[in-house]
Amino acid sequence: MAQIAVIGAGYVGLTTAACFSHLGHDVVCADIDEQRVAQLTRGEVPIVEAGLDAMVREGLEGGRLSFVVGAARAAAAAEFAYLCVPTPQGDDGSADLSYIESAAREIGPVLPSEAVVVNKSTVPVGSTRAVERVLGRDDVVVVSNPEFLREGSAVHDFLNPDRIVIGSDDQSAAVRVAALYIGVTAPIIVTDPASAETIKYASNAFLATKVSFVNAIAAVCEAVGADVKDVVLGMGYDKRIGHEFLKPGPGFGGSCFPKDSRALVHIADSAGYSFDLLQGVITVNEDQFQRVAAKVREMAGGSLVGVKVAVWGLTFKARTDDVRDSPALRIVSLLTEQGATVQAYDPAVKAPVDAVVPATDPYSVCEGADVLVVLTEWDDFRWLDFDKVADLMERPRVVDARNLLDKPALERRGFTYVGIGR
Ligand code: NAD
């Protein structure tokens, strides 16, 4: 079993640390956020992620998982150091590597000889080399091992991945990294660092493309009088297409797709290829936020000035508490810019985010509301008392940006219902 340092205790780092300790390794997980480290040391998991609490507690109680402040403290005895720090979008759309570089600078002087540094953060092509330069150690190898987990099912995805990708020019380092996934059954693709880094961006860009494609098809459906629900069903049974990611909605968001799509456009551009297709995907997505806001405006009678809007859902998708780059927040700000008053509820968001102060229950936001908008596909919303909702609202009108609710059932209760692409 290996000694692993995980640098960064966020969605990816904490999942990586907990799962590697579950697989039997000794893991020290570092963060710069002292409060987070203190919480985790007490066994309190600060994010909503199915199964993560239990796995963190299992690691702590078994003595195979600990949390420290500062990357250097974690790396001093590590055979492997996983970098799981943020790579946010820079001003020009490129990925900002400053967190990666500072983590590498911290661990460079203390890493034991023969250690392997692993980039798990999503990093542009060439970053493996960049980390090597910052580390300044010729006795340490840098390997790319991108992460494909989905928030909301991170633990499951880490332990049951579709594939494990390892990018290294050093075969023995690649084999050592592959061996860490003992007990995980998945195809392992060993390739060069540039290809591994590209696989991660290409995968996210392809999924974003599917989302924008189906949102564009939804717009066509609205224009020609087709029902997108049946259209995607008919498409999805084609095995070459598949059902996954063929759901129209308010646009893609979250901490990965928007920044990774932009970063890939930037990477391609810098290398001399104009990735117009992916640029189009981003434009369709930006338009989708506007399209949803326009549906609410139309529902309200053509103007949002003084209109009370009830919003259900703030997270970028269900089963997570993550609101980073959430389409819901983009749409809320478009609505308020146009004069609406918004009251929002989300089962996983309790603290204020941007200018939104979330309510504590889904009904209170409907009181006196002119339009209800569903922006996140939380299952909870399906099973609410819609007679009560209709009574509370000034007028029972719904814009269902997730096609989540039962349209005929709502119409029977007197609601005016508008979905996406139907
Ligand atoms: P996050 O913001 O949730 O967590 C990053 C953590 O790193 C934070 O807790 C931060 O305090 C810590 N940190 C920053 N600098 C540090 C340092 N020098 N030493 C120690 N800790 C430090 O980010 P995330 O969502 O886990 O994403 C991390 C990377 O993984 C990004 O590159 C992202 O693109 C990629 N990724 C994310 C997901 C996802 O679903 N969130 C999936 C696959 C890949």
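Counting starts at 1 for both ligands and their atoms, in listed order. Heavy atoms only: backbone and side chains are in, while hydrogens, waters and symmetry mates are out. Quick caveat: nothing in here was measured; it's all calculated off a predicted structure.
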Revision key, fill the gap. re atom 7 (O) of ligand 1, the protein heavy-atom contact at minimum distance is Gly8 CA, 3.4 Å
Review point. Atom 37 (C) of ligand 1: which protein heavy atom is closest, and how many Å away?
Key: Val12 CG2, 3.3 Å
Review point. Are Tyr82 and Glu147 close enough that some pair of their side-chain heavy atoms sits under 4.5 Å apart?
Key: no
Revision key, fill the gap. If you scan protein heavy atoms around atom 33 (C) of ligand 1, the nearest is Lys259 NZ, 3.9 Å
Point to revise | Structural part of Cys84 in contact with ligand 1, heavy atom criterion under 4.0 angstrom | key: backbone
**Study point:** Any donor-acceptor N or O pair under 3.5 Å, side chains Ser98, Asp96
**Key:** yes
Check your understanding: Quick one: does Lys200 get within less than 4.0 Å of ligand 1, heavy atoms only?
Key -> yes
Check your understanding: Under the side-chain hydrogen bond (donor to acceptor under 3.5 Å, both in side chains) test, which residues partner Arg297, sequence neighbours left out?
Key -> Gln338
Point to revise | Presence of salt bridge, Asp227 and Arg422, under 4.0 angstrom | key: yes
Review point. Considering only the protein, which heavy-atom contact is closest to atom 32 (O) of ligand 1, and what is its distance?
Key: Thr87 OG1, 2.5 Å
Practice item. Would you tell me which option among Asp31, Thr320, Asp157 has the nearest heavy-atom contact to atom 21 (N) of ligand 1? Key: Asp31
Review point. Just checking, any donor-acceptor pair under 3.5 angstrom between side chains of Thr41 and Arg36?
Key: no
Check your understanding: Relative to ligand 1, is Ser121 under 4.0 angstrom through side chain, backbone, both or neither, heavy atoms considered?
Key -> both
Exercise for review: May I ask which of Leu149, Val37, Leu14 has a heavy atom nearer to atom 42 (C) of ligand 1 than the others do?
Suggested key: Leu149
Revision key, fill the gap. From the list Phe386, Trp312, Tyr363, ring pair (Phe, Tyr, Trp, His ring centres under 6.0 Å) with Phe381 holds only for Trp312
Point to revise | Which segment of Arg36 sits under 4.0 Å of ligand 1 when only heavy atoms are counted | key: side chain
Check your understanding: Backbone N or O of Ala115 within a donor-acceptor pair of the Glu79 side chain at under 3.5 Å?
Key -> no
Point to revise | Heavy atoms of other groups near Asp138 CG, more than 12 under 6.0 Å | key: no
Point to revise | Protein heavy atom at shortest distance from atom 43 (C) of ligand 1 | key: Glu147 O, 3.3 Å
Review point. For atom 1 (P) of ligand 1, what's the nearest protein heavy atom and its distance?
Key: Arg324 NH1, 3.6 Å
Practice item. Please write down residue, atom name and distance for the protein heavy atom closest to atom 28 (C) of ligand 1. Key: Val85 O, 3.5 Å
Point to revise | Summary of ring-ring contact (aromatic ring centres under 6.0 Å, His included) pairs that have at least one residue in residues 132-173, sequence neighbours excluded | key: Phe20-Phe158, Phe158-Tyr181
Check your understanding: Checking Asp31 side chain against Ala9 main chain: does a donor-acceptor pair fall under 3.5 Å?
Key -> yes
Review point. In the protein, what heavy atom is nearest to atom 35 (C) of ligand 1, and what distance, to one decimal place, separates them?
Key: Thr122 OG1, 3.4 Å
Check your understanding: Taking only heavy atoms of Glu151, which atoms of ligand 1 are found under 4.0 Å from at least one of them?
Key -> 39 (C), 40 (O), 41 (N)
